[in-house]
Amino acid sequence: KLKKELDGYYPWYIKQQCDSYGFGFAEGIKRALDGQDEEKRGVIASGYFMKAGEMGHADAQCFVGLCYRCGLGVDKDLKKSVEWFEKSAAQNCAQAMNNLGLMYEQQEVDLELNESDKEYEEYVGEYDDFEEDEDDGDDKNGESGDVRRKKYAKSMRISFEWYMKSAQLKNATGQLSVGRAYYHGRGVPCDYKAAVKYYSLAAEQGSADAFFRLGECYDGGEGVEQNAIKAFQYYREAAKRNHAKAQCYVGYCYEYGEGVKRNFDEALKWYNVSAENKYGQAYCNLGCMYEEGRGVKKNMSKAIEMYERGFEHGNYMSAYNLGNVYAFGKGVKVNMELALKYYAEAAQGGVAEAQYNLAQHLHNGKYVEQDDEAAAYWFMQSARNGDADAQYKIGSFFMNGVGVDEDPELGFYWFLKSAMQGDGDAQYAVGLCYEEGMGVEVDLDEALEWYARSAKQGNKEAKKRLKG
């Protein structure tokens, strides 16, 4: 049916001033339906877009920019991509403006710093997640960490300015991008209320991702009063619009009764819908339901299948679960070689629990060659990802110079991080630091306070210290 419609469009396109743009768009779709591969379609379509763009067609110029950015039908060239997006944006193409914002956000545009860029320095301190410059050393291009942070800040600010221009033209994607910028504090100070405002504008235009992000805001009480029912409703709206992640969230809400009555059948239904859309976490959640017998009969073979499919789709928690399957012999024979392989994959993917497990094996030299430097690295990664056990462990490493240079102040820092999360051993360690002045000035009142917290959790050494 679509082929017939496109065939009917060709004569109309040829009579129009924008015939090349329309013809390229139709050709790209028609040849896709004919089964031609993406490379051939890209070459044909990009040629028509280029011709229309050179004639001054704004939408075609935007498509040419996209072709150069992604290497569709032409060699990938980010500089040319920026040039074509700028030509399109100059004609008020809102999508081109948003695309420019995205390129600056992803630091795909080369920037130079000069004296007039002082205005951007105020944004440098807002990017706590910019971790690659911890040592402030020069990179392979000879740039210091300070220069890289300033360029990052400048990129984020210019990105935000392009997003805002797009949003002001009522472009839903631009509104969504402005919301993201406010939510994460990129290019502007973090402002959850402003994020909700722009997400709402995008949602009014039917943006599935905007509905999903509004759900997250209501889920976490960010910019709005926390409301699990509203969060679920927004997730469901996004899910209805085929948002794979939202579909998984709807499944989770049904599984655990968050914002809606618990219903395992509905949970399984939505997880399966999400999985059909190739969302890896949905496979992982299905695996957990089969492993634990939640709403279905326990079936480890099925659970393993789901974890494997989740990992195939890039879900690293699935890899971690597979590590546990082989480490503890869940439905299979214990195989520590496979377990460590999956833990390593999950650790590389940022799963804190896997990073901690891998570090423990490296530290203990069990089933793998003992390596305290590697162990320290993975404990640190896990600690940064918020794992309290890892924070305590890396604190111990710094206190004793294991795998790292001895540094009592850093040791105390990580003990305190862990203690604040309620780890009893870390609380005892913080008390000891305050009592003996390790990495912090002596403060006996603070020491007693932390010993008391630790003792409440059953730490025997803390109880001894309180008795004097």
Partner set under salt bridge (Lys or Arg N to Asp or Glu O under 4.0 Å) for [X], not counting sequence neighbours:
X	value
R262	none
K80	none
D389	none
E435	R465

Identify, with sequence neighbours excluded, every residue that meets ring pair (Phe, Tyr, Trp, His ring centres under 6.0 Å) alongside [X].
X	value
Y249	F212, Y235
F160	Y182
Y356	F379
Y451	Y428

Would you tabulate the side-chain donor-acceptor contacts of residues 320-329 under 3.5 Å, counting partners in other chains and residues two or more places apart, or write 'none'?
| from | atom 1 | to | atom 2 | distance (Å) |
| --- | --- | --- | --- | --- |
| N324 | OD1 | Y343 | OH | 2.6 |

Donor-acceptor pairs under 3.5 Å, side chain of residues 408-421 to any protein atom, not counting sequence neighbours: which ones?
| from | atom 1 | to | atom 2 | distance (Å) |
| --- | --- | --- | --- | --- |
| S418 | OG | A388 | O | 2.8 |
| Q421 | NE2 | G386 | O | 2.9 |
| Q421 | NE2 | Q391 | OE1 | 2.8 |

Problem set entry | Sequence neighbours excluded - salt bridge (Lys or Arg N to Asp or Glu O under 4.0 Å) pairs with any residue from residues 328-349 |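 Listed once each, the pairs are E291-K330.
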For this session: For H313, check side chain to side chain donor-acceptor pair (under 3.5 Å) against everything at least two apart and list the hits.
Result: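 Scan of H313 (side chain to side chain donor-acceptor pair (under 3.5 Å), adjacent residues dropped) gives none.
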Problem set entry | NZ/NE/NH1/NH2 to OD/OE distance under 4.0 Å, R213 and D209 |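 D209 and R213: salt-bridged.
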